[in-house]
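Have a look at the structure below, then the notes.
Just the heavy atoms: all of them, side chains too, but no hydrogens, waters or symmetry mates, feed the values below. So you know, we letter chains A, B, ... as the sequences are listed, proteins then strands, and number each from 1.
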There are 4 protein chains.
Amino acid sequence: MPQKNIAANKDKTIRRILDGATKVFAEAGYSGASVDEIAKAAKVNKATIYYHVGDKEALYVRVLHEVIGQTAAGIATRMNSSMTPSQKLATYVSGIAETVGNYPPLPPVMMRAVESGGQILSPEVAADLMMIFGILLEILEQGAKEGVFVKANPFIIYLMIIGAVAFHRNVEANWDQKPELAMLFKQMDPEFYTKLEGSLSSSVAAEVTRLLLRALEK
Amino acid sequence: MPQKNIAANKDKTIRRILDGATKVFAEAGYSGASVDEIAKAAKVNKATIYYHVGDKEALYVRVLHEVIGQTAAGIATRMNSSMTPSQKLATYVSGIAETVGNYPPLPPVMMRAVESGGQILSPEVAADLMMIFGILLEILEQGAKEGVFVKANPFIIYLMIIGAVAFHRNVEANWDQKPELAMLFKQMDPEFYTKLEGSLSSSVAAEVTRLLLRALEK
Amino acid sequence: MPQKNIAANKDKTIRRILDGATKVFAEAGYSGASVDEIAKAAKVNKATIYYHVGDKEALYVRVLHEVIGQTAAGIATRMNSSMTPSQKLATYVSGIAETVGNYPPLPPVMMRAVESGGQILSPEVAADLMMIFGILLEILEQGAKEGVFVKANPFIIYLMIIGAVAFHRNVEANWDQKPELAMLFKQMDPEFYTKLEGSLSSSVAAEVTRLLLRALEK
Amino acid sequence: MPQKNIAANKDKTIRRILDGATKVFAEAGYSGASVDEIAKAAKVNKATIYYHVGDKEALYVRVLHEVIGQTAAGIATRMNSSMTPSQKLATYVSGIAETVGNYPPLPPVMMRAVESGGQILSPEVAADLMMIFGILLEILEQGAKEGVFVKANPFIIYLMIIGAVAFHRNVEANWDQKPELAMLFKQMDPEFYTKLEGSLSSSVAAEVTRLLLRALEK
DNA sequence: AATGAATGAGTTTTCATTCAT
DNA sequence: CATGAATGAAAACTCATTCAT
């Protein structure tokens, strides 16, 4: 069955393209990434990208969809309807942290997306984000209805979680790989450096959950 | 005083350049911004930018230093040693929110700053960022020492603040400018849309402060 | 054979580029030549030059290699092992004169090559130049061994040949293209002018050969 | 007398400009040299060059005139009417070599001038060159008239002398200062290298004179 | 399905020159 | 006399995209 092989090859090619693009977009952002670089990272001819995926913007949207969609799916899977709102919140936060841990490109991609003003957003990506937010919304509403949570702006809580988890992971990853910066801080203010390093080593999910529960629980 | 006039003109020119660059970098990010566009925004000949400031990167660093430095200084100024830690935290959050309002790229820059290996960052900018985080550090330490705050990871709190403020500002900006997106949400889930819109319209600084104080205060 | 056609087209394009570049570099020198002009001369899009050859310096090196390499090869080919040293010297000089006629910047390049620290020069070009000097070296050594030539400093003879050919070619070229200069000489010193013009019209190669043979032959 | 001081200052400024320009033109050629670089080398404001000397071309012409004019004057001084043609020729060659030795910029400047096609030549420079050539012309004519020299194309002899002397000096000077190239040759062909180095160390003037007298004397 | 070639329209950067002071 | 500021024009180089094969 040669058709199947061709199809499989095609899929592999697209996979390589998306992986390469994810990597390059994560490192350089949308405008900073060049199609040439992506093609090189994907070990694919530049024209192949246009053939299979489309232009640079289409590629970006597809990468965003994949990255954010995976996160959304991961969280949804973990949630269990028999949990209390507090338990759900803890699951939610650690779910995000875990997905992010398993899928490192998310933070930089999201960061870059924020940086570029979120100008490129497809309906699919919007739906992904809605889904992630929607889960939190339900948790908070349930908590409020049951009288265990105070009322709070869900979107801001959402942003606090995403911000802390995503960027913490990012800083953490880079702290070890780029010693120049750590050195710079060390030289400028050794005491500060020690505190920063201490902050980095702790578990984000646990700390974020703890703080949020303190903030929300009556 | 002819010399003085020349000097004054020079300063005005540099001011125009920095203002134009700040605006354009804010809208488009580093790679998205073009020197041509900056020159146009500054109403200055492109070569004048190179004459007074240097190349694109030097210009970016200078803008960053100015913006982040002013943020740092602004927050420091607002802070009053006679305030309670809680008051200081409120001042801190609203100080950041205000600056971010004036200069949207600040948040991603602040987050990436710690992460990017300082490739584009000058020591001056690093010092500015250290100062901003350092202020929060002191507030939390003071609060802990005085027994009014529980112990908490300062870096995570920092990220929660920056994350919430940064993302919020971004979404807000896109919400108004891209009605398609709002429409899209409305069609997909009208109820969700109403809630989201409600979340967006409230003040981030106030809500973030309220939540953090609930989380931190004993 | 579709692939073959593409390859052939590619070769033709590169040929056009190298020919255009050779022409423009010859007329204007390295810094005087612009890539735009070369693209125009080659009837190729500027970007095509970068695609196929690389940047200006790579293009220059390639042109040099081609021109000097061909000179070296040309001289070597003309040389016949059955010739006497005197015949070989005559062949050598006329071989250089001919190449210089086709590519004026050759002489200064050949002279500077030994001098410039090889900044622009590739190892290939250095090898080419070594070969050209090496041929002369062998001729002189053979002549000395056979007892037909007196001993002489080969490098100085090399410089005399190159110097005479190079300058002559240059003056000649300017003589025809810039009639003002000729007029100027005529006005300043008519007799001198007549002599100079007489000197210019004769064949350099023949005269240089004649003089060198008188100097070298026992 | 303040006027005198001002005038003296002016002269010093012009001197600095010409020295800087000579240096930069010698290193980079006409198109390779930038007015900025010249101003820097001369420790003078760029506009001062335009004020005192004029545009880039005028500056180049002035440098050429100075450099070549000095050489011309140096040779003329050494010549003595009571000498035999052979003695005069020896004096001529060593005079050129000596002047060049005392005034190093000549060879690179002439070389660059050749490279750029001698497109920029003023009447003054032409007169200088005429003067240098004129002296040789007289020597050769006298020799021919007296029956001691064979007839020969004076211009080509002129070029052989200039070529050998000027470029030898140049190669010599750079051989010591740029060891990379010497190393390159050494690696490529050790034997060749030894011969080349031997060639470089001998006296040009003596060898050129010896060869030319062998070529010219009946 | 996949690619090398080619390009138009940009990008960043430099440069010779002028001018007000 | 001397200079810092400013600029139009052009330089080198890049990039997203298309197309023939």
Exercise. Just how far, in rounded Å, is P of dA5(F) from CD1 of I17(B)?
Worked result: 11 Å
Exercise. Any side-chain heavy-atom pair from L18(A) and L59(A) closer than 4.5 angstrom?
Worked result: yes
For this session: Quickly work out the K40(D) NZ to dG4(F) P distance and round it to whole Å.
Result: 15 Å
Exercise. Under the salt bridge (charged side-chain N to carboxylate O under 4.0 Å, His left out) test, which residues partner E37(B), sequence neighbours left out?
Worked result: none
For this session: Report the distance from atom OH of Y51(B) to atom CD1 of I17(B), rounding to the nearest 0.5 Å.
Result: 11.0 Å
Seminar exercise, completed: Hits for side-chain hydrogen bond (donor to acceptor under 3.5 Å, both in side chains) against E124(A), two or more places apart or cross-chain, chain-then-number order -> S122(A)
For this session: Would you kindly give the NZ-to-P distance between K10(C) and dC19(F), to the nearest whole Å?
Result: 22 Å
For this session: May I have the distance from I14(C) (atom CD1) to dG4(E) (atom C1'), rounded to whole angstrom?
Result: 12 Å
For this session: Identify, residue by residue, the members of residues 43-56 of chain C with a heavy atom below 4.0 Å from DNA chain F, and return them in order of residue number, or none.
Result: K46(C), A47(C), Y50(C), D55(C), K56(C)
Exercise. What is the distance, rounded to the nearest whole Å, between atom CG of D36(C) and atom P of dA9(E)?
Worked result: 14 Å
Exercise. Atom CG of N9(B) to atom P of dT7(F): distance rounded to whole Å?
Worked result: 11 Å
Problem set entry | Partner residues of K46(D) under the side-chain hydrogen bond (donor to acceptor under 3.5 Å, both in side chains) criterion, sequence neighbours left out | D36(D)
Problem set entry | side-chain hydrogen bond (donor to acceptor under 3.5 Å, both in side chains) partners for H65(B), two or more places apart | D128(B)
Seminar exercise, completed: Secondary structure of DNA chain E per the Watson-Crick/G-U criterion (both distances under 3.5 Å; [ ] crossing, | other strand, . unpaired) is .||||||||||||||||||||
Exercise. Among all residues two or more places apart in sequence or in another chain, which pass the side-chain hydrogen bond (donor to acceptor under 3.5 Å, both in side chains) test with N45(C)?
Worked result: none
Problem set entry | All salt bridge (charged side-chain N to carboxylate O under 4.0 Å, His left out) counterparts of D55(D), not counting sequence neighbours | none
Exercise. Distance check: side-chain N/O of T13(B) vs OP1/OP2 of dA5(F), anything under 4.0 Å?
Worked result: no
Exercise. Tell me: CD of E57(D) to C1' of dC15(E), nearest whole Å?
Worked result: 16 Å
For this session: Please state how far atom CG in L59(C) lies from atom C1' in dA11(F), giving the value in whole angstrom units.
Result: 15 Å
Exercise. With a non-hydrogen cut-off below 4.0 angstrom, is A39(D) in contact with a base, only sugar-phosphate, or nothing?
Worked result: nothing
Exercise. Sequence neighbours excluded, which residues qualify as salt bridge (charged side-chain N to carboxylate O under 4.0 Å, His left out) partners of K56(C)?
Worked result: none
